[in-house]
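For reference, the structure discussed in these notes is given below.
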There are 2 protein chains.
Amino acid sequence: MVDKEEYRRRIILTASRIFSHYGFRKTTMDEISRALNKGKSSIYYYFSSKEEIFEAVVLYEANQLRRQLTTAIKEVESPTEKLRNYIFVRMKAFAKLSNYYNAVFDKNLDHYEFIEKIRSRYDREELAILRLLLYVGNSRGVFEVRESEYTAMAILTMLKGMEVPLFWRRREIDINSRLEAILSLIFDGILKRE
Amino acid sequence: MVDKEEYRRRIILTASRIFSHYGFRKTTMDEISRALNKGKSSIYYYFSSKEEIFEAVVLYEANQLRRQLTTAIKEVESPTEKLRNYIFVRMKAFAKLSNYYNAVFDKNLDHYEFIEKIRSRYDREELAILRLLLYVGNSRGVFEVRESEYTAMAILTMLKGMEVPLFWRRREIDINSRLEAILSLIFDGILKRE
DNA sequence: ACAAACATAGAACGATCGGTTCGGAAATTC
DNA sequence: GAATTTCCGAACCGATCGTTCTATGTTTGT
């Protein structure tokens, strides 16, 4: 292999697929290596442990989500639609981002530290984005928000509140209608009534 | 618990859900019992081993499929639609019936005997149904088949041939278009051209 | 009320599994 | 052809998992 970094990427992609299906615990190094047509011990040349692979996978997926979110915002113009897109993409993504939850809810995996680190960094980013969206909408006269910081936090709290039940409920319809409900709630409390 | 048989059923249902997600090997007795809010060893009062549970699950799902197929045939009138329905339901069901394949393709599970038994019985049933469909279509002048027995076997062989790749390919579109292709092939070779 | 049966579960056990290490063999680079 | 990179089989060992055993609670029949 010419580029070591490229091969690490391949491992991350493959491991991600298996992790997302079986979770951290049930995924074995043997499976990962077999999926890559390599010997089990060869993986250790690129990653020093199974956990390190998992960390890389979670980080990778977090970055994926970040990109999805920013493009979703840029896609539309009006602040209303930006916020709407943001929430939709976020929720849909989290519904798929099962690795994350497999790890968080696997009580036997008590090494959350790095996940907590990613999560808290992520929270700050999300908060900043939401505040920006609110601020722009405010100055354009579309929103009417006094304290953008706390409103952003309130919205984020709502979104987070939706994450856990999202994990249990399977029906797509349910997710969509719940999203619509949340959205209409947020907008009715936010939109300037003329 | 009043009815022991009822509780066996509950175990089968729960185990089926877990097996179909994780496969035979990765599913632990502990998980099954936890999902039932019971102690691990309590399960052994109803089933004598993990394999016995799995056998019951496979049998249960096979019966489920049988029912689906017969109702799918009864739903429509014309022989063409009957055959069409039959093949569609069969393929869709097999795509979902992952337990079966998890077992068959898990090379470490070398106790196929009971699966082979179910399978061969199933083959005979399917063959009989297909022959009947062809026979009825024939006598109604919709099909033109000389040897319904061998034609039925040929169709069954085609269907079986589709099962394995079905297991690897993920895209729904692909399955559908392949199904259509198979169907049009079968019908063009079967339908009486006037 | 009290056996007999039914139902449950905690503890322990032996076998297997699975993550990791290590030494060295291929393959590639210089 | 030496040096470096990449790969892997074998082995280690702690954890895991299916199963058994024993004991305790719970229902049923009389």
Side-chain angles (χ1 to χ4, degrees), chain A residues 1-19 21-58 99 102-103 105-111 113-114, chain B residues 1-58 99 102-103 105-114:
Chain A
M1 203 53 48
V2 189
D3 194 359
K4 190 166 176 176
E5 209 49 45
E6 167 60 24
Y7 202 79
R8 279 174 62 97
R9 224 182 91 87
R10 275 189 55 196
I11 293 178
I12 291 173
L13 255 46
T14 305
S16 166
R17 207 186 60 231
I18 308 179
F19 276 138
H21 194 154
Y22 293 117
F24 179 76
R25 254 174 80 86
K26 282 178 191 283
T27 300
T28 70
M29 293 297 274
D30 201 57
E31 279 173 310
I32 296 175
S33 62
R34 258 188 287 121
L36 289 159
N37 282 324
K38 286 281 144 60
K40 186 165 65 157
S41 49
S42 304
I43 311 293
Y44 285 84
Y45 182 70
Y46 299 95
F47 291 93
S48 66
S49 73
K50 186 184 173 185
E51 273 199 33
E52 201 178 292
I53 298 178
F54 188 69
E55 289 185 23
V57 166
V58 173
N99 279 348
N102 276 335
F105 292 114
D106 191 343
K107 299 303 174 197
N108 296 30
L109 186 71
D110 39 24
H111 302 8
E113 305 109 39
F114 79 93
Chain B
M1 205 53 48
V2 188
D3 195 359
K4 190 166 177 177
E5 209 49 44
E6 168 60 24
Y7 202 80
R8 279 174 62 97
R9 223 183 92 86
R10 274 188 56 195
I11 294 178
I12 291 174
L13 255 45
T14 305
S16 167
R17 207 187 61 231
I18 308 179
F19 276 139
S20 72
H21 193 160
Y22 293 117
F24 179 76
R25 253 175 85 84
K26 282 178 191 283
T27 299
T28 71
M29 292 296 275
D30 200 58
E31 280 173 309
I32 296 175
S33 62
R34 257 188 288 121
L36 289 160
N37 283 323
K38 285 281 145 60
K40 185 166 62 156
S41 49
S42 304
I43 309 293
Y44 286 85
Y45 182 69
Y46 300 95
F47 292 92
S48 66
S49 72
K50 185 183 174 187
E51 273 199 32
E52 201 178 291
I53 297 178
F54 188 69
E55 290 186 21
V57 165
V58 173
N99 280 346
N102 277 335
F105 292 114
D106 192 343
K107 299 304 174 195
N108 296 32
L109 187 70
D110 39 24
H111 302 10
Y112 310 150
E113 305 110 38
F114 79 93

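Chain identifiers are assigned alphabetically (A, B, ...) following the order of the sequence lines, protein sequences preceding nucleic acid strands; residue numbering begins at 1 within each chain. Just so you know, these numbers come straight off a predicted model, no measurement behind them. Hydrogens, waters and symmetry mates are skipped; everything else that's a heavy atom, side chains included, is used.
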d([atom1], [X]; [atom2], [N]) in whole Å:
{"X": "B/Arg8", "N": "C/dT8", "atom1": "CZ", "atom2": "P", "value": "14 Å"}
{"X": "A/Glu31", "N": "C/dC17", "atom1": "CD", "atom2": "P", "value": "13 Å"}
{"X": "B/Asp30", "N": "C/dG10", "atom1": "CG", "atom2": "P", "value": "11 Å"}
{"X": "A/Ile11", "N": "D/dT6", "atom1": "CD1", "atom2": "P", "value": "12 Å"}
{"X": "B/Glu6", "N": "C/dA7", "atom1": "CD", "atom2": "C1'", "value": "16 Å"}
{"X": "B/Lys38", "N": "C/dA7", "atom1": "NZ", "atom2": "P", "value": "11 Å"}
{"X": "A/Ile43", "N": "C/dG18", "atom1": "CD1", "atom2": "P", "value": "16 Å"}
{"X": "B/Lys26", "N": "C/dT16", "atom1": "NZ", "atom2": "C1'", "value": "15 Å"}

- Task: Please report the closest heavy-atom contact between B/Leu36 and B/Tyr7, naming both atoms and the distance.
- Result: O-OH, 4.0 Å

- Task: Of all the heavy-atom pairs spanning B/Lys26 and A/Glu31, show the shortest one and how long it is.
- Result: NZ-OE1, 2.7 Å

- Looking at residues at least two apart in the chain, or sitting in another chain, which of them share a side chain to side chain donor-acceptor pair (under 3.5 Å) with B/Lys50? none

- So what does A/Ser33 hit on the nucleic acid, given a heavy-atom distance under 4.0 Å: a base, only sugar-phosphate, or nothing? nothing

- Query: With a 4.0 Å cut-off on heavy atoms, is A/Thr28 in touch with a base, just the backbone sugar-phosphate, or nothing at all?
  - Reply: sugar-phosphate

- Message: Please determine whether a side-chain nitrogen of the Lys or Arg among A/Arg8 and A/Glu5 lies less than 4.0 Å from a carboxylate oxygen of the Asp or Glu.
- Response: yes

For the [atom1] atom of [X] and the [atom2] atom of [Y], what is their distance to the nearest 0.5 Å?
{"X": "A/Ile53", "Y": "A/Ser16", "atom1": "CD1", "atom2": "OG", "value": "12.0 Å"}
{"X": "A/Met29", "Y": "A/Ile32", "atom1": "CE", "atom2": "CD1", "value": "5.5 Å"}
{"X": "B/Thr27", "Y": "B/Arg17", "atom1": "OG1", "atom2": "CZ", "value": "10.5 Å"}

- Query: With B/Ser49, which residues qualify under side-chain contact (heavy atoms from CB on, under 4.5 Å), at least two apart?
  - Reply: B/Glu51, B/Glu52

- Return the set of residues passing side-chain contact (heavy atoms from CB on, under 4.5 Å) with A/Ser33 (not counting sequence neighbours), or none when no residue passes. A/Asp30, A/Lys40, A/Ile43

- Should the pair B/Phe19 and B/Phe54 be assigned to parallel (<30°), tilted (30 to 60°) or perpendicular (>60°) ring geometry? perpendicular

- C/dA7 phosphate, OP1 or OP2, under 4.0 Å from B/Tyr7 side-chain N/O: no

- Query: Within less than 4.0 Å of OP1 or OP2 of C/dG18, is there a side-chain N or O belonging to A/Arg25?
  - Reply: no

- Please determine, for the side chain of A/Tyr45, which listed nucleotide (D/dT5, C/dA9, C/dA7) has the closest atom? D/dT5

- Note on the structure: Per atom distances to the A/Tyr46 side chain, the nearest of C/dA9, D/dC7, C/dG18 is D/dC7

Are there any protein N/O atoms within less than 3.5 Å of an N/O atom in nucleotides 19-21 of chain D, and if so, which ones and at what distance?
unit_1 : atom_1 : unit_2  : atom_2 : d
D/dT19 : OP2    : B/Tyr44 : OH     : 2.9
D/dT19 : OP2    : B/Lys50 : N      : 2.7
D/dT19 : O5'    : B/Tyr44 : OH     : 3.4
D/dT19 : O4     : B/Lys40 : NZ     : 3.4

- Once you build an axis from the first five pairs and another from the last five of the helix from C/dA1-D/dT30 to C/dC30-D/dG1, how far apart in angle are they, to 10 degrees? 30°

Filtered N/O pairs between nucleotides 22-27 of chain D and protein, under 3.5 Å:
none

- State, yes or no, whether a side-chain contact exists between B/Phe47 and B/Ile12 at a heavy-atom distance under 4.5 Å. yes

- Taking atom types as modelled, find out whether A/Tyr46 and A/Lys38 have a side-chain donor-acceptor pair closer than 3.5 angstrom. no

